[in-house]
Amino acid sequence: MASGSEDERRQAIFATVMAIPPGRVCSYGEVARLSQQPGLARFVGRILGEVDGLPWFRVVRAGGQIAFAQETQKYHEQVSRLVAEGVEIKNGRVQDWKQRYWQGY
DNA sequence: GTGATGACGTAGG
DNA sequence: ACCTACGCCATCA
């Protein structure tokens, strides 16, 4: 898979990220899979940084870890946004990962 | 053209 | 739990 033009792939990723329900989180790798592009987790991260209007804060690393270093501004912004939706974060980690993890409908 | 670099993931020691 | 090695792919020096 993972075929199609780069633009089509970006489109698919955009749609997947937009579909993540509030209060839930998803991993980069899962977003890639749900977008029919298994293995392209890095690509997902790049898109999140380029496109605006996406609920980028709902995407974390596999296992529930926040992708940014704790001392960065990005890290704090992501945490506050997740907390605002009721997602608990502790030591850079999403609590209750299994329940918070969204794997599509 | 080549090698390094990311908002990553999995496998193995 | 920690670390290394690869795989992935667009971008940039």
Side-chain angles (χ1 to χ4, degrees):
Chain A
M1 294 308 150
S3 55
S5 69
E6 184 189 334
D7 200 56
E8 295 175 312
R9 285 160 40 192
R10 294 176 49 133
Q11 181 62 262
I13 291 171
F14 180 90
T16 298
V17 176
M18 287 302 288
I20 304 175
R24 305 292 299 281
V25 292
C26 191
S27 70
Y28 293 86
E30 186 62 21
V31 169
R33 284 189 289 277
L34 292 171
S35 304
Q36 312 301 306
Q37 305 173 60
L40 302 193
R42 287 195 107 118
F43 192 71
V44 172
R46 204 159 61 72
I47 303 304
L48 289 183
E50 299 175 356
V51 185
D52 333 283
L54 283 171
W56 56 270
F57 53 89
R58 298 191 185 122
V59 183
V60 297
R61 281 187 183 161
Q65 188 160 49
I66 301 295
F68 301 103
Q70 295 196 193
E71 50 281 0
T72 66
Q73 171 56 57
K74 295 283 214 159
Y75 170 86
H76 294 296
E77 184 182 348
Q78 180 161 25
V79 171
S80 64
R81 290 201 181 230
L82 286 176
V83 169
E85 296 189 335
V87 180
E88 214 174 315
I89 309 295
K90 186 173 183 181
N91 288 14
R93 262 262 164 194
V94 171
Q95 298 303 290
D96 303 314
W97 171 242
K98 282 190 167 183
Q99 298 187 338
R100 295 295 185 182
Y101 192 39
W102 181 75
Q103 301 178 73
Y105 296 113

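Every chain is numbered from 1, with letters handed out A, B, ... down the list of sequences.
Heavy-atom minimum distance, A:E30 versus A:W102: CG-O, 3.9 Å. Across all non-hydrogen atoms, the minimal contact from A:S5 to A:E8 is N-OE1, 2.8 Å.
Each of A:Y28 and A:R33 has a nearest nucleotide on DNA chain B; the 5'-most of these lies closest to A:Y28. Residues A:A41 and A:E50 each lie close to DNA chain C; by heavy-atom proximity, the contact nearer the 5' end of the strand is made by A:A41.
Distances from the side chain of A:A62 to the nucleotides C:dA10, B:dT10, B:dA7 place B:dT10 closest. Taking the side chain of A:L40 as heavy atoms from C-beta on, and the options B:dG9, C:dC9, B:dA7, the nearest nucleotide is C:dC9.
Rounded to whole angstrom, the span from the CD atom of A:E8 across to the P atom of C:dA10 amounts to 13 Å. In this structure, A:N91 atom CG and C:dA1 atom C1' are separated by 14 Å, rounded to whole Å. Rounded to whole Å, the distance from CD on A:E6 to P on C:dA10 is 6 Å. Taking atom CD of residue A:Q65 and atom P of nucleotide B:dA7, one finds them 15 Å apart after rounding to whole Å. A:R46 places its CZ atom 14 Å from the P atom of B:dG6, with the value rounded to the nearest Å. What separates CD of A:Q70 from P of B:dA7 is a distance of 17 Å, to the nearest Å. Regarding A:I47, its CD1 atom lies at a distance of 13 Å from the P atom of C:dC9, rounded to whole Å.
Only the C1' atoms considered, C:dC8 is 13 Å distant from B:dT5, to the nearest whole Å. Between B:dG6 and C:dG7, the distance separating the two C1' atoms is 14 Å to the nearest Å. Comparing C:dC2 with B:dA7, their C1' atoms sit 22 Å apart, to the nearest whole Å.
A:R24 CZ to A:R58 CZ: the interatomic distance, rounded to the nearest 0.5 Å, is 11.0 Å.
At distances below 3.5 Å, at least one donor-acceptor pair connects side-chain atoms of A:Q78 with backbone N or O atoms of A:F57.
If you check every strand for non-hydrogen atoms under 4.0 Å, A:F68 touches a base. A:G29 comes within contact range of the sugar-phosphate backbone alone, with a heavy-atom separation under 4.0 Å but no base atom that close.
Look at A:E85 and A:R81 and you find no salt bridge, because none of the NZ, NE, NH1 or NH2 atoms lies under 4.0 Å from a carboxylate O.
Remark: A:R10 is not in phosphate contact with C:dA10, judged by side-chain N or O atoms under 4.0 Å from OP1 or OP2.
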